[in-house]
Amino acid sequence: MKMNIIRINEMKDFVGEEVTIKGWLYNKRSSGKIKFLIIRDGSGFVQGVVVKNEVAEDIFDLCDKLTQESSIAVTGVVRKDDRSPYGYELTISNIKLIQMAFNDYPISLKEHGVDFLLDNRHLWIRTPKQHAILSIRHEIIKAIQEFLNNNGFVRVDSPIITPSTCEGTSDLFQIDYFGENAYLSQTGQLYQEAAAMALGKVYSFGPTFRAEKSKTRRHLNEFWMVEPEMSFVDHYENMEIQEKLVEYIVQSVLENRSKELKELGRDLSKLEKIKTPFPRLTYDEAIEMLKKNGYEIEWGNDLGSPDETFLSNQFDKPVFITEYPSKCKAFYMQPKEDRPEVVMCADLLAPEGYGEIIGGSQRIHDYDLLIKRLKEENLPIEMYDWYIDLRKYGSVPHSGFGLGIERTVAWITNTEHVRECIPFPRTLSRIRP
RNA sequence: UCCUCAGUAGCUCAAUGGUGGAGCAACCGGCUGUUAACCGGUAGGUUGUAGGUUCGAGCCCUACCUGAGGAGCCA
């Protein structure tokens with residue numbers, strides 16, 4: 001007889017058949033002559049039932065001894081069972097022990113504190129909630145690439161080791177590059193602009209690094225970002241692409257990861273509302289709205305975190321905040337034609353207080369204007385020589401944006417803190433595991 | 001860098017200034033449908049560190065260390 005080695009998420013196709021599942025013992029319950037083994041294999045969780053009268057004695061004894069997280073191959077018949085929260089059960093006939101786990105596995109099924117869980121992140125990711133979050137993270141990344149690939153974008157990754165700060169702001173991680181100072185990249189944008197002039201529509205996808213001592217649920221010192229950049233695309237078209245991308249991400253997760261969303265207890269109706277077009281609010285309108293609601297803010301101040309939370313809470317979709325004062329934003333942003341004190345940019349704020357998930361803008365394409373802006377910001381023009389070249393040789397209007405993966409994952413999975421939205425978070429106080 | 005809070009068993013938490021406990025995990029035993037199973041038992045401690053107040057400090061005071069939440073900055 002042929003042995004069916006399957007994964008747990010394929011069980012629905014094998015009802016009534018004998019199969020073998022290779023995995024780990026997540027939990028075990030016993031009632032004397034009947035034992036319940038909760039097995040996980042990476043694709044899902046399932047309960048196996050071992051009845052004393054129906055298996056060899058040594059198999060039943062082995063069940064007694066099995067420790068949490070022991071690796072096993074279990075063979076049995078798949079049964080649909082409404083008593084099981086997983087929908088299916090395995091009536092076990094044989095168990096092959098691969099490794100008996102040490103009996104001091106630290107992660108119990110009871111409650112744990114954040115500090116302890118983060119110290120044990122390498123084991124924490126085995127639990128159902130973390131499994132669901134990381135699965136959805138994968139779905140989000142897959143959807144982003146699908147959307148961009150299907151819309152004519154070419155993936156062109158930016159360097160991670162860079163000679164200087166791109167935007168002249170943030171603190172960077174410094175490294176030694178054969179005796180010269182170099183830095184871990186905080187954005188690949190400038191390189192994407194070069195790539196967009198070569199390939200039209202491009203994107204990069206990779207890690208980015210900020211050495212800022214941020215200590216909030218929205219910040220990581222190493223996080224992942226997708227950065228599309230498009231030639232011949234203006235500020236308004238830029239926003240349309242962004243909202244279509246976000247809609248596509250959310251719909252893909254709803255379609256392909258409903259089981260994981262359910263595991264997390266996510267309110268699906270909130271995600272189902274994420275359809276284009278998204279509301280757009282100019283900075284002027286945002287300031288007015290904030291003032292009307294008792295916030296102390298003046299035109300010209302950048303929006304603070306509580307301000308953004310208030311604004312996003314006024315909508316049940318992500319909201320674009322557009323046309324910020326140029327002094328709040330980076331040097332490369334295109335001023336508005338009839339109102340040069342504001343720039344053609346947009347931040348996309350996620351609903352439910354998850355903060356800014358996209359920052360984007362139309363870039364300056366005029367040679368003289370770019371030089372002027374670099375001088376105004378006191379940036380070393382010689383460091384930007386190649387970037388300035390892009391304005392000398394066939395410059396065209398172009399736009400782009402950066403979407404933060406972990407914040408998007410946190411929002412869609414309704415996770416309190418971004419550190420659970422990346423496999424191994426790097427924060428101010430943690431570099432291990 | 002600033003503000004707030006917290007450090008007690010492997011984990012989650014109790015303990016009026018007066019002999020440091022419980023649940024879970026581990027170990028031993030019981031139970032034929034358990035869902036973080038349940039029941040009985042065993043073992044498990046330099047109360048973050050260093051000082052101070054007191055007859056007596058887990059508890060009060062000071063400093064430091066570590067962590068968490070938030071601000072600023074940003075995705």
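Residue numbers begin at 1 in each chain, while the letters A, B, ... track the order of the sequences.
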Would you indicate what Gln47(A) reaches in the nucleic acid, counting non-hydrogen atoms under 4.0 angstrom: base, sugar-phosphate, or nothing?
base
In the strands shown, is A22(B) matched to any nucleotide by a Watson-Crick or G-U wobble pair with both distances under 3.5 Å, and which?
U12(B)
May I have the distance from Lys110(A) (atom NZ) to A22(B) (atom P), rounded to whole angstrom?
16 Å
Tell whether Glu89(A) reaches the base of G33(B) with its side chain through a donor-acceptor pair below 3.5 angstrom.
yes
Contacts of Asn53(A) that satisfy side-chain hydrogen bond (donor to acceptor under 3.5 Å, both in side chains) - sequence neighbours left out:
none
Name the closest nucleotide to the Arg79(A) side chain, picking from A75(B), G33(B), C73(B).
G33(B)
With sequence neighbours left out, the residues meeting salt bridge (charged side-chain N to carboxylate O under 4.0 Å, His left out) with Glu89(A) are Arg79(A)
Can you sort out the partners of Thr75(A) under side chain to side chain contact (heavy atoms under 4.5 Å, CB included), two or more places apart, ordered by chain and number?
Glu18(A), Thr20(A), Ser93(A), Asn94(A)
Closest to the Phe36(A) side chain: C74(B), G69(B), G33(B)?
G33(B)
Answer yes or no: does a side-chain N or O of Arg419(A) lie under 4.0 Å from OP1 or OP2 of G67(B)?
no
Classify the nucleic acid contact of Lys52(A) as base, sugar-phosphate or nothing, counting any heavy atom under 4.0 Å across all strands shown.
nothing
Separation of C31(B) C1' from Lys35(A) NZ (nearest whole Å)
10 Å
Could you tell me whether a side-chain N or O of Ser70(A) sits under 3.5 Å from a main-chain N or O of Ala101(A), the two making a donor and an acceptor?
yes
Pairwise C1' distance, G51(B) and A57(B) [rounded to whole Å]
13 Å
About how many Å separate NZ of Lys35(A) and CG of Leu62(A), when rounded to the nearest 0.5 Å?
10.5 Å
Name the residue closer to the 5' end of RNA chain B, choosing between Met225(A) and Leu109(A) according to the nucleotide with the nearest heavy atom.
Leu109(A)
Nearest to the side chain of Arg217(A), heavy atoms from C-beta on, is which of U32(B), A75(B), G70(B)?
G70(B)
Nearest to the side chain of Ser429(A), which nucleotide is it out of A25(B), G33(B), G67(B)?
G67(B)
Phosphate OP1/OP2 of G72(B) contacted by Arg218(A) side-chain N/O (<4.0 Å):
no
Along RNA chain B (nearest heavy atom to each residue), the more 5'-positioned of Pro306(A) and Lys329(A)
Pro306(A)
Would you indicate, yes or no, if U32(B) has its OP1 or OP2 atom less than 4.0 angstrom from a side-chain nitrogen or oxygen of Asn53(A)?
no
Just to verify, what does Asn150(A) make a side-chain hydrogen bond (donor to acceptor under 3.5 Å, both in side chains) with, not counting sequence neighbours?
none
is_close_aromatic(Trp386(A), Tyr191(A)), centroid dist under 6.0 Å
yes
Within the pair Ser305(A) and A71(B), is there a side-chain N or O less than 4.0 Å away from OP1 or OP2?
yes
Any base atoms under 4.0 Å from Glu222(A), or only sugar-phosphate, or nothing? Heavy atoms, all strands.
nothing
Using a heavy-atom cut-off of under 4.0 Å over every strand shown, decide if Asp104(A) touches base, sugar-phosphate, or nothing.
nothing
Which nucleotide in the set G33(B), C73(B), G69(B) lies at the smallest distance from any side-chain heavy atom of His417(A)?
G69(B)
Looking for any heavy atom pair under 4.0 Å, which part of the strands does Glu111(A) touch: base, sugar-phosphate only, or nothing?
base
Students often get this wrong, so: under 4.0 angstrom with heavy atoms, is Gly304(A) touching a base, only sugar-phosphate, or nothing?
sugar-phosphate
C1' spacing across the pair C38(B) / U32(B), given as an integer number of angstrom
14 Å
Do the side chains of Lys129(A) and Glu263(A) get close enough for a salt bridge, i.e. N-O under 4.0 angstrom?
no
Using atom CD1 of Ile357(A) as one end and atom C1' of C74(B) as the other, report the distance to the nearest whole Å.
14 Å
Sorted by number, residues from residues 114-124 of chain A placing a heavy atom under 4.0 Å from RNA chain B are Asp115(A), Phe116(A)
Selection: residues 142-161 of chain A, any non-hydrogen atom under 4.0 Å of RNA chain B
none
Any idea how Phe153(A) and Tyr203(A) line up, ring-wise: parallel (<30°), tilted (30 to 60°), or perpendicular (>60°)?
perpendicular
Any chance the rings of Tyr295(A) and Phe310(A) have centres within less than 6.0 Å?
yes
Could you tell me whether Lys96(A) atom NZ has more than 12 heavy atoms of other residues or ligands within 6.0 Å of it?
no
Picking from U32(B), U1(B), C74(B), the nucleotide nearest the side-chain atoms of Ser31(A) would be U32(B)
Check every strand shown and say whether Ile358(A) touches a base, only sugar-phosphate, or nothing at a heavy-atom separation below 4.0 Å.
sugar-phosphate
Can you figure out which of C74(B), G72(B), U32(B) approaches the side chain of Val51(A) most closely?
U32(B)
From NE2 of His112(A) over to P of A36(B), roughly how many Å is that when rounded to an integer?
15 Å
Considering only C74(B), C73(B), C31(B), which nucleotide approaches the side chain of Lys33(A) most closely?
C31(B)
Scan every strand shown for a Watson-Crick or G-U wobble partner of G7(B), both distances under 3.5 Å, and answer none if you come up empty.
C65(B)
What is the distance, to the nearest angstrom, from the CG atom on Leu220(A) to the C1' atom on A68(B)?
15 Å
Nearest to side-chain heavy atoms of Glu212(A), which nucleotide of A68(B), C73(B), A75(B)
C73(B)
Between A25(B), G70(B), C74(B), spot the one nearest the side chain of Asp302(A), thanks.
C74(B)
Is Lys80(A) positioned over the aromatic face of Tyr88(A), cation under 6.0 angstrom from the ring centre and no more than 45 degrees off axis?
yes
